[in-house]
There are 2 protein chains.
Amino acid sequence: MDEIIKCDHTGRMSGDERREQILRAAVELFSQHGFKGTTTKQIAAASGVSEAMVFRHFATKDELYGAIIHAKACIDGVNKFPWDGDPVVLKALAEKDDHAFFAGVALAALNKHQEDVAFMRLLFYSALEEHDLAERFFHEFVEQVYEFLGGYIERRQKDGVFRAVDPRIVVRSFLGMLIHHSLNNILWDKNRVILDIPNEEAAKNFADILLRGVSAGNSEAKRK
Amino acid sequence: MDEIIKCDHTGRMSGDERREQILRAAVELFSQHGFKGTTTKQIAAASGVSEAMVFRHFATKDELYGAIIHAKACIDGVNKFPWDGDPVVLKALAEKDDHAFFAGVALAALNKHQEDVAFMRLLFYSALEEHDLAERFFHEFVEQVYEFLGGYIERRQKDGVFRAVDPRIVVRSFLGMLIHHSLNNILWDKNRVILDIPNEEAAKNFADILLRGVSAGNSEAKRK
DNA sequence: AAAGATAGTGAGTGCTTACTTACTTTTAAC
DNA sequence: GTTAAAAGTAAGTAAGCACTCACTATCTTT
């Protein structure tokens with residue numbers, strides 16, 4: 001009869017609601033202090049419940065970590081490219097508009113990094129601590145990015161637009177620019193002392209440098 | 001009279017010797033498991049002494065970490081560029097041989113990263129855990145790299161050889177290629193599944209892409 | 001209103017942590 | 001050869017850790 005939306009953060013919650021809240025708190029804390037640097041007590045406090053409740057939902061701390069991986073991988077879409085469905089990128093891809101394509105990919109990636117700092121930090125912690133997330137992320141996501149971007153570059157090489165370089169080196173260079181830029185903003189230069197530019201500008205510049213860097217030369221044809 | 005060199009690793013050591021051994025063990029362990037993931041018991045065991053000895057040399061775990069920072073920063077030369085004193089880079093710098101310069105810088109950096117994986121990991125842990133090392137490294141090293149490389153780029157722009165781009169973006173792109181490549185090899189793709197090339201080749205390719213990417217062009221500019 | 005299920009807790013468990021104390025062994029200077 | 005400093009340790013300590021258990025409060029179903 002009365003289907004009141006439960007938005008009170010204080011009282012008793014349904015199992016699923018509480019489970020998600022614990023998960024959210026754990027993501028935040030693990031991303032801030034790492035797996036070993038976060039205590040179950042902290043997680044309980046951040047979720048507004050007793051420690052016992054945390055262990056009712058997740059048998060061990062490791063299982064909680066595993067659930068985070070699952071949630072991030074399946075729901076949040078680790079398997080999905082940040083530029084998936086982006087009309088600008090899609091159009092550029094179809095029309096072989098190199099600059100729009102690489103700038104679009106770059107912008108989508110930079111925006112994603114900026115929006116989900118917690119996930120970025122989690123990813124780096126998991127790589128250092130050698131948890132599953134890092135390996136999984138690498139195989140399920142990074143390798144596909146190399147395939148996708150590398151494939152595009154290969155096609156453009158066949159078109160005679162890009163010069164002959166190992167496409168994987170080109171992808172590495174490009175991802176290097178993007179990820180290093182985001183990493184700088186997240187980890188080292190949070191106040192953007194060295195370089196403070198909007199993502200749009202950064203994306204354009206990175207795409208520009210890369211494309212000029214791999215173009216077959218200006219005298220030749222551009223499009224086939 | 002008898003000045004026998006002490007090289008036995010088993011028996012009693014002088015204070016300084018033991019201190020250094022503890023430091024070495026701590027560097028290795030902190031770089032592997034992070035600050036919070038390493039116990040003083042582990043450090044003691046790895047140094048071949050009791051835990052009490054660790055605390056005789058370093059009053060707290062934090063002080064031990066501080067000593068590592070100091071050692072890495074002052075002795076190991078965080079303030080020094082990996083390419084400092086490199087004859088190839090020096091010659092290229094004097095002769096304004098752009099490709100030799102950037103390839104030389106890249107190679108020196110990549111080699112340094114490969115040789116001192118422990119330091120790289122320590123640096124990333126400290127950035128995530130927000131210890132002093134990260135901030136110090138940034139201010140005492142990274143900012144100088146931007147100044148050094150940015151200065152070179154600026155000069156070449158005045159020479160009319162490089163096109164007009166914010167030099168800091170160029171530096172970020174270049175460092176991005178280098179650091180991301182090393183990071184990939186250290187953290188994610190240890191078996192070099194995606195890309196397995198010697199540092200020389202990587203350095204050449206990165207320099208190549210960057211230089212073509214920022215060159216003023218032999219006939220005409222491309223955009224704008 | 002009774003009953004069963006579920007949300008929730010306080011007060012533990014045994015183990016590990018960073019750090020200490022009281023004590024013994026080795027070295028070296030006189 | 002005595003002695004005093006320095007190298008070294010075994011056996012602690014209190015606090016903190018992941019995790020448990022016995023129990024209560026609240027909701028839902030009938």
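Order of the sequence lines fixes the chain letters, A, B, ..., with proteins taken first and strands second; residue numbering starts at 1 for each chain.
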Touch class at under 4.0 angstrom, heavy-atom based, for B:Ser50 against every strand present: base
Residue pair B:Asn185 / B:His113, side-chain heavy-atom distance below 4.5 Å: no
Touch class at under 4.0 angstrom, heavy-atom based, for A:Thr38 against every strand present: sugar-phosphate
Phosphate OP1/OP2 of D:dG8: any B:Arg18 side-chain N/O under 4.0 Å: yes
Euclidean distance, atom CD of residue A:Gln21 to atom C1' of C:dG8 [Å, nearest integer]: 13 Å
Centroid separation A:Phe102 to A:Tyr152 less than 6.0 Å: yes
Gap between atoms CE and C1', on A:Met13 and C:dA5 respectively (whole Å): 20 Å
Donor/acceptor link under 3.5 angstrom from A:Arg12 side chain onto base of C:dT6: yes
Closest-nucleotide ordering on DNA chain D, the 5'-leading residue of B:Arg56 and A:Phe35: B:Arg56
d(CG, A:Asp16; P, C:dG8) in whole Å: 12 Å
Nearest-Å distance for atom pair CD/P, residues B:Glu17 and D:dA7: 10 Å
side-chain hydrogen bond (donor to acceptor under 3.5 Å, both in side chains) involving B:Asp166 - partner list, sequence neighbours excluded: B:Arg168
Residue whose closest nucleotide on DNA chain D lies nearer the 5' end, B:Met53 versus A:Thr39: B:Met53
Any side-chain heavy-atom pair of A:Arg172 and B:Phe206 under 4.5 Å: yes
Sugar-phosphate only, base, or nothing, as touched by B:Val49 at under 4.0 Å among non-hydrogen atoms: sugar-phosphate
Basic-acidic side-chain contact under 4.0 Å: B:Glu130, A:Lys190: yes
Length of the line joining B:Lys61:NZ and D:dG16:C1', which is rounded to integer Å: 13 Å
For atom NZ of B:Lys36 and atom P of D:dG16, their distance in whole Å: 14 Å
Separation of atom NZ in A:Lys41 from atom C1' in D:dT20, rounded to whole Å: 16 Å
Spacing of A:Glu51 atom CD relative to C:dA7 atom C1', expressed in whole Å: 17 Å
Comparing A:Ala52 and B:Asp62 on DNA chain C - which has the more 5′ nearest nucleotide: A:Ala52
